[in-house]
Amino acid sequence: MPSPGSSRTSAARRPRRSAGTPPSTTRRRPAVLKAKQRQGVPAGTRVAVLGAGSWGTTFAKILSDGGADVVLWARRPELAREITEGRRNSDYLPGINLPIGLRATPHLDQALAGAEQVFISVPSQSLRENLVLMEPFLEPDAILVSLMKGVERGSGQRMSQIIEEMLPIDPHHIAAISGPNLALEIAREQPTAAVVSSTSLETAQAVAILATNSYFRSYVNTDVIGTEFGGVLKNLIAVAIGIVDGVGYGENTKASIITRGLVEMTDFAVAYGAQPETLAGLAGLGDLIATCQSPLSRNNTAGRLLGQGYSIADVVKQMQQTTEGLASVGPILDLARAKGVDMPIVEQVRQVLAGTLKPRDIAPHLTTDSAEPQGERTIDDGQAHGSAALWGSVKRTLDQLRHGRRSPGGN
Ligand SMILES: NC(=O)c1ccc[n+]([C@@H]2O[C@H](COP(=O)([O-])OP(=O)(O)OC[C@H]3O[C@@H](n4cnc5c(N)ncnc54)[C@H](O)[C@@H]3O)[C@@H](O)[C@H]2O)c1
Ligand SMILES: O=P(O)(O)OC[C@H](O)CO
């Protein structure tokens, strides 16, 4: 008699996995596809992913493994060929086998022809110029989805705002995806959650259905401001964490910065109209934890190099991939000033980048100039639910990450 929870297949007959090999998902994949078909989503919905860097390629894999017919746009013809013929993107995702059905092309018109949903993953500072190139080839009712986590220098605009400004598109057809989504972990099919946000719940749901498979689960919300700013702001806190890591400070300093950083993120986003709950979810706290903890994070890595004493010019030279946080510091502080939001951690990151603050001096934000003891304000007083609510948010986020379970009142 098998014990409760044991499978009928004996462990001895099960094929053995070598250490480090991700569990096979092929057995579970058909169930996800069948569930999607029951929801009326035909397998093979045509989608385009623009940008064949680490996140664009990983997202193309997510969608392809979820049953969509994906064409990935790569600027370099040789990369498009490597992806289509070799099923590899060795520069950005070493060791990852890409799905058989995934095609790549260097031609934007071919990537966009017939695409019902278009996922964009280029560096934020290049979005505007890429939208100009895309516009002639977009299908009239296509949904546009930003996978990016930056704001534009100069305008301070979020990616969905730039899409809305540049294209003759129904704003309800724009979405953004964010969450604790380190590309390489997901490309290795490690279970992960994200949130799809659109002012139209219907659009968010249509995108989430395609962006769900056996290892990737998409939740939905309608708070685009909170979702996009969560992804931008956690990068800045991750740079701060990298800096103190590089200096050699330990866990207390990092936990203090993460906790105070979440308050800064929430204050800022709420001042721009976000819902505070969003910052306590996958796109805020969830992403903050992942990015601040992982050596895979480029923002964290850039910070660590700064903390080790490299100049900003050296760091930029060393970073081979998009490091959005470095470009976002200035615009975010401008936006914060415009709303009177205090962001001491982000301000200190700016000073370290400018060379006016030594990395080892980044901690004094934990004290103040005043000798008076201050109350610990965890979230904006106007929204205050106290520390119990914050702890509840932490538990909800961890729960979502561990079990993919929807929590009451969650996303
Ligand atoms: N990598 C991740 O884990 C991850 C996860 C979630 C979100 N993101 C976000 O996705 C976006 C893209 O990041 P990434 O990790 O894929 O970066 P990346 O550096 O790995 O890839 C960027 C891609 O854009 C291309 N590119 C560069 N300049 C371009 C231009 N002017 N026009 C068109 N294409 C250009 C590059 O050739 C490359 O293919 C960023 O906003 C990032 O914050 C990344
Ligand atoms: O590598 P980073 O620092 O750009 O972070 C990647 C993702 O945004 C993590 O969610």
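Note that the numbering runs from 1 along the sequence shown for the chain. As the structure lists them, so they are numbered: ligands from 1, and atoms in each ligand from 1.
No side-chain heavy atom of D267 sits less than 4.5 Å from a side-chain heavy atom of M343. Residues N89 and D91 meet the side-chain proximity criterion, which asks for heavy atoms closer than 4.5 Å.
Residue contact check: M148 has heavy atoms under 4.0 Å from atoms 41 (O) of ligand 1. In summary, the atoms of ligand 1 found under 4.0 Å from a heavy atom of A183, numbered by their order in the structure, are 1 (N), 2 (C), 3 (O). With ligand atoms numbered from 1 in the order given, ligand 1 contributes 7 (C), 8 (N), 9 (C), 10 (O) to contacts under 4.0 Å with heavy atoms of L147. Taking every non-hydrogen atom of E129 and a distance limit under 4.0 Å, the qualifying atoms of ligand 1 come out as 31 (N).
Heavy atoms of G150 stay at 4.0 angstrom or farther from ligand 1. Judged by the shortest distance from any of its heavy atoms, R298 lies inside the 4.0 Å radius around the atoms of ligand 1.
Summarising the contacts of atom 38 (C) of ligand 1 with F59, W55, Y92, the nearest heavy atom is found in Y92.
Residues E347 and R350 are paired through a salt bridge, judged by an N-O separation under 4.0 Å between the basic side chain and the carboxylate.
Listed by chain and residue number, the protein contacts of ligand 2 are K149, G179, P180, N181, L182, K234, D287, T291, L296, S297, R298, N299 (heavy atom within 4.0 angstrom).
Applying the salt bridge (Lys or Arg N to Asp or Glu O under 4.0 Å) test to residues at least two apart or on different chains, the pairs with a partner in residues 290-307 are D245-R304.
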